[in-house]
Amino acid sequence: MRLQGKTALITGGNSGIGFATAKLFVAEGAKVVITGRNKETLATAARELGPNALALVADVTDIAATEAAIRQGAEKFGKYDIVFANAGIAGAGGTPLGAAKLEVFEKVISINLTGVFFTVQSALPYLNDNASIILNGSVISVLGIPGYSAYGAAKAGVRAMARIMASELSPRGIRVNVVAPGAIRTPIWGAAIATPEAEKAFEKRIGLMTPLGRLGEPDHISKTVLFLASDDAAHIQGQEIFVDGGAVASPSGAPIYRG
Ligand code: NAP
């Protein structure tokens with residue numbers, strides 16, 4: 001049990017990567033506070049996670065609600081040892097040059113960048129010294145994928161912020177690192193995986209672009225987050241770990257380039 005006696009906050013803990021991480025953390029002995037906007041999926045997640053989890057409604061763009069949820073969680077389970085600032089959206093329709101809407105652009109930045117900053121700031125008074133903060137980044141911060149200007153900028157901003165936060169929080173022994181997933185099978189992909197046929201085609205497309213030849217699963221990320229959260233990562237500070245089957249580090253190894 002690598003997280004026995006620890007308390008964790010996971011934003012966006014009711015779906016995808018966040019929910020997978022919440023399950024793993026509970027299994028590893030942690031008490032876990034999850035947040036999200038959707039009451040129903042939060043309630044379902046809470047039932048599955050059991051008594052060592054608390055699910056609270058809090059939109060990361062609502063700082064007062066975020067602070068209130070963090071306080072409530074700390075009152076129930078004690079101060080936090082781990083924060084996984086994970087909540088994020090893809091941004092419906094994306095932000096392609098020539099057709100981007102200001103409203104979509106600002107929403108992506110507001111949730112995926114500003115929301116991450118204020119999650120950490122709101123948690124600060126409730127963080128134990130030597131805590132571990134993990135921010136959720138993305139390969140899209142470096143891959144130059146068309147249509148993703150706002151999303152890519154937000155995730156590149158997350159990387160930059162992590163380094164600054166690491167400097168600011170090192171005096172308290174608090175670590176700040178980024179997990180940067182490649183394409184992972186979660187509801188964030190919406191229509192791309194909405195039917196079995198669509199999901200198969202998506203899986204094939206991602207597999208062709210990925211040296212390890214597959215779509216990632218939520219537990220590829222949750223297990224990396226567990227490592228960063230645990231004492232095994234005690235000397236890792238200000239880093240970004242790409243969990244992407246090699247998509248960023250060795251793109252030429254992808255099946256699409258093989259003869
Ligand atoms: P997901 O299943 O759609 O989960 C997103 C989570 O974020 C949900 O729990 C959602 O809960 C929460 N959320 C969204 N907006 C929120 C807000 N304003 N306030 C509070 N919670 C909010 O998608 P996922 O793939 O697990 O995404 C998790 C993170 O991984 C995101 O930051 C995403 O950018 C990142 N990521 C994912 C992939 C991938 O391929 N899946 C790749 C790279 C990075 P509610 O709907 O209840 O608000």
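Because only heavy atoms are used, hydrogens play no part in the values below, and waters and symmetry mates are left out as well, while side chains stay in. Both counts, for ligands and for their atoms, begin at 1 and track the order of listing.
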Practice task
Determine, for Arg37 against Asp62, whether the closest basic-nitrogen to carboxylate-oxygen distance falls under 4.0 angstrom.
Solution key: no

Identify the protein atoms, limited to N or O, that lie within less than 3.5 Å of an N or O atom of ligand 1, and list each pair with its distance to 0.1 Å.
unit_1: ligand 1; atom_1: 2 (O); unit_2: Ser15; atom_2: OG; d: 2.5
unit_1: ligand 1; atom_1: 2 (O); unit_2: Gly16; atom_2: N; d: 3.4
unit_1: ligand 1; atom_1: 7 (O); unit_2: Gly88; atom_2: N; d: 3.4
unit_1: ligand 1; atom_1: 9 (O); unit_2: Gly12; atom_2: O; d: 3.2
unit_1: ligand 1; atom_1: 9 (O); unit_2: Asn14; atom_2: OD1; d: 2.5
unit_1: ligand 1; atom_1: 11 (O); unit_2: Asn14; atom_2: OD1; d: 3.2
unit_1: ligand 1; atom_1: 15 (N); unit_2: Arg37; atom_2: NH2; d: 3.3
unit_1: ligand 1; atom_1: 18 (N); unit_2: Asp59; atom_2: OD1; d: 2.8
unit_1: ligand 1; atom_1: 19 (N); unit_2: Val60; atom_2: N; d: 2.9
unit_1: ligand 1; atom_1: 23 (O); unit_2: Thr186; atom_2: OG1; d: 3.4
unit_1: ligand 1; atom_1: 25 (O); unit_2: Thr186; atom_2: OG1; d: 2.5
unit_1: ligand 1; atom_1: 26 (O); unit_2: Ile17; atom_2: N; d: 2.8
unit_1: ligand 1; atom_1: 30 (O); unit_2: Asn136; atom_2: ND2; d: 3.0
unit_1: ligand 1; atom_1: 32 (O); unit_2: Asn86; atom_2: O; d: 2.7
unit_1: ligand 1; atom_1: 32 (O); unit_2: Lys155; atom_2: NZ; d: 3.0
unit_1: ligand 1; atom_1: 34 (O); unit_2: Tyr151; atom_2: OH; d: 2.6
unit_1: ligand 1; atom_1: 34 (O); unit_2: Lys155; atom_2: NZ; d: 3.0
unit_1: ligand 1; atom_1: 40 (O); unit_2: Ile184; atom_2: N; d: 2.7
unit_1: ligand 1; atom_1: 40 (O); unit_2: Ile184; atom_2: O; d: 3.4
unit_1: ligand 1; atom_1: 40 (O); unit_2: Trp189; atom_2: NE1; d: 2.9
unit_1: ligand 1; atom_1: 41 (N); unit_2: Ile184; atom_2: O; d: 3.2
unit_1: ligand 1; atom_1: 41 (N); unit_2: Thr186; atom_2: OG1; d: 3.2
unit_1: ligand 1; atom_1: 46 (O); unit_2: Arg37; atom_2: NH2; d: 3.3
unit_1: ligand 1; atom_1: 47 (O); unit_2: Asn14; atom_2: ND2; d: 2.8
unit_1: ligand 1; atom_1: 47 (O); unit_2: Arg37; atom_2: N; d: 2.9
unit_1: ligand 1; atom_1: 47 (O); unit_2: Asn38; atom_2: N; d: 2.8
unit_1: ligand 1; atom_1: 48 (O); unit_2: Arg37; atom_2: N; d: 2.9
unit_1: ligand 1; atom_1: 48 (O); unit_2: Arg37; atom_2: NE; d: 2.5
unit_1: ligand 1; atom_1: 48 (O); unit_2: Arg37; atom_2: NH2; d: 3.4

Exercise for the section: Sequence neighbours left out, what passes salt bridge (Lys or Arg N to Asp or Glu O under 4.0 Å) with Glu168? Give chain and number order. Expected result: none

Handout entry: Validation row: Met161, Leu113 side chains within 4.5 angstrom (heavy atoms)
Key = yes

Exercise for the section: With sequence neighbours left out, write down each residue that passes salt bridge (Lys or Arg N to Asp or Glu O under 4.0 Å) with Arg185, or none if nothing qualifies. Expected result: Glu199, Glu203, Glu217

Problem - Side-chain heavy atoms of Val243 within contact of Val179, under 4.5 Å - result: yes

Completion exercise
Here the salt bridge (Lys or Arg N to Asp or Glu O under 4.0 Å) pairs for residues 97-121, sequence neighbours left out, are none

